[in-house]
2 protein chains.
Amino acid sequence: MEDGTVERVRPRDRILETAQDMFHKHGIKGVGIDAITEAAGTNKMTLYRHFDSKDDLIIQCLRATACKAGAIWEKFEIQHPGDKLAQLHAWVRMAADCLTADGRGCDMANAAIELTDADHPARRVIKELKEAQRDRLVTLCRDAGIGQAELLADTLSLLLEGARVSVQSVGTEGPSAQFVRMAEGLIVSFRGTAAG
Amino acid sequence: MEDGTVERVRPRDRILETAQDMFHKHGIKGVGIDAITEAAGTNKMTLYRHFDSKDDLIIQCLRATACKAGAIWEKFEIQHPGDKLAQLHAWVRMAADCLTADGRGCDMANAAIELTDADHPARRVIKELKEAQRDRLVTLCRDAGIGQAELLADTLSLLLEGARVSVQSVGTEGPSAQFVRMAEGLIVSFRGTAAG
DNA sequence: TCGTGACGTTACAGACCGGTAACACCCTAG
DNA sequence: CTAGGGTGTTACCGGTCTGTAACGTCACGA
């Protein structure tokens, strides 16, 4: 009877989940520790027993969010096993869904903009996670038989990044509305010049 | 003798200039009124005699920055009078210079990310100014004889927007390093399908 | 039963924030 | 000379922020 019982979610996990959500919605500097603990149904002391500081909490949130995003890639492989080109198109569809789902962009990009101090500890993590994302997209493009895989991956990355920012400036009816057409057009264009 | 004399820069203009610079460098929420007034060589009371609130100051800063950016377009027309295609390439070069110049992106996009409240008065202004920028680029593309002018303009917009964000996440050596190649390739590609 | 560790509560420190009141100053126009 | 507007100075208000101290409480395991 040790497992399968109630086993409520531990305060640390509730804090992490709540903080991710609130940082995402209201920005890092727009959310205070008190608001997070209250929304998580706990208190400030418990938070500071699990996280060294707000900066530490920010970093753990970014890592957790990136981990969730990483799970999506496994879903692509499951949905289209072996078919890398189909996975690339699935990536485009997923990206488009992200654009219309909520008006807030990428947590890491948003954090990079908010945390202007070049020495902020979260900046290392942001760069590291963003580079990992880029590597994954480059690998997918290469495995899909794209000739200039790096260039296509970088172009798609910038398009998505820009679209997620554009949504926050002018809404979903702005330039980002054409994201799928742009991305699909690029893939077609790059496949035309593919070597394999 | 009423003009041509010394006529020091008025406090209001010094505040506006200083606030633009500090908001750009440290973000809106990262700069307080006291810091601005001190850097501008004045004081808080004078600031509040010229601006209703910090939000008002933010809006005036965004308008002033957009006004400066608008002056660049006139420079394009002067440098390449009548040659719209050359002006479009000049736009690409200008954009690339912005990327490498300073690691902080577009003030309006950054503000949109920082000011998460949907009702914030600055959001109206951001949207309005961003749409004006878009219209100008669309017009330039159309006048340059591009067939799908809107699509090219939107694609270039998203690419630049994304590049300016990417610089803040992973630096100038990341995906944004390929911006010029992407943009030029797109222009060539769209000219291939042009009607005129 | 006892003790240990995780968690909750209250209070507080120290700093910063946006914004205002009251008053002194100085330049200039009339 | 004088009046007035723009400016500077000081002090202050109420609120919020991160982070800490001290103390209770409760469950669980030996």
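In the text below, chain A, chain B and the rest are named by the order of the sequence lines, each starting its count at 1. Every heavy atom of this structure was used, including side-chain atoms; hydrogens, water molecules and symmetry mates were not.
In this structure, the CD atom of B:E38 is 11 Å from the P atom of D:dT9, given to the nearest Å. If you measure from atom CG of A:D34 to atom P of D:dT20, you get 14 Å, rounded to the nearest angstrom. Atom C1' of nucleotide C:dG18 and atom CZ of B:F51 are separated by 15 Å, given to the nearest angstrom. Atom CD1 in A:I33 sits about 17 Å away from atom C1' in C:dG14, given to the nearest Å. Atoms CD1 (B:I36) and P (C:dG19) sit 11 Å apart, rounded to a whole Å. Between the CD1 atom of B:I15 and the P atom of D:dG6 there is a distance of 14 Å, rounded to whole Å. Rounded to an integer number of Å, the gap from CG of A:L47 to P of C:dG8 is 11 Å. For the pair A:E114 CD and D:dC17 P, the interatomic distance rounds to 14 Å; values are reported in whole Å.
Follow the hydrophobic side-chain contacts under 4.5 Å out from A:F51 and you never reach A:M45; the two are in separate clusters. With hydrophobic clusters built from ILVMFWY side chains whose heavy atoms lie under 4.5 angstrom apart, A:I113 does not share a cluster with B:L129.
Regarding contacts with the backbone of C:dC7, a side-chain N or O of A:H50 is found under 4.0 angstrom from either OP1 or OP2. Note on B:S53: every side-chain N or O is 4.0 Å or more away from OP1 and OP2 of C:dG18. At the phosphate of D:dG8, OP1 or OP2 sits under 4.0 Å from a side-chain N or O atom of B:T46.
Residues A:G82 and A:Q87 share a closest heavy-atom pair of N-NE2, 3.9 Å.
When the nucleotides C:dA22, D:dG19, C:dG8 are ranked by their closest atom to the side chain of B:R49, C:dA22 comes out on top. The side chain of A:N43 has C:dT9 as its nearest neighbour among C:dT9, C:dC17, C:dC7. Comparing D:dT7, C:dG18, C:dG8 by their nearest atom to the side chain of B:R10 picks out D:dT7. Among the nucleotides D:dT18, D:dT7, C:dG18, the one closest to the side chain of B:Y48 is C:dG18. For A:M45, taking side-chain heavy atoms from C-beta onward, the closest of the listed nucleotides C:dG18, C:dA22, D:dT20 is D:dT20.
In the interface, the side chain of A:K44 is paired with the base of D:dG19 through a donor and an acceptor atom under 3.5 Å apart.
One finds the OG atom of B:S169 at 7.5 Å from the CZ atom of A:R123 (value rounded to the nearest 0.5 Å).
A salt bridge links A:E17 to A:K68: at least one charged side-chain nitrogen sits closer than 4.0 Å to a carboxylate oxygen.
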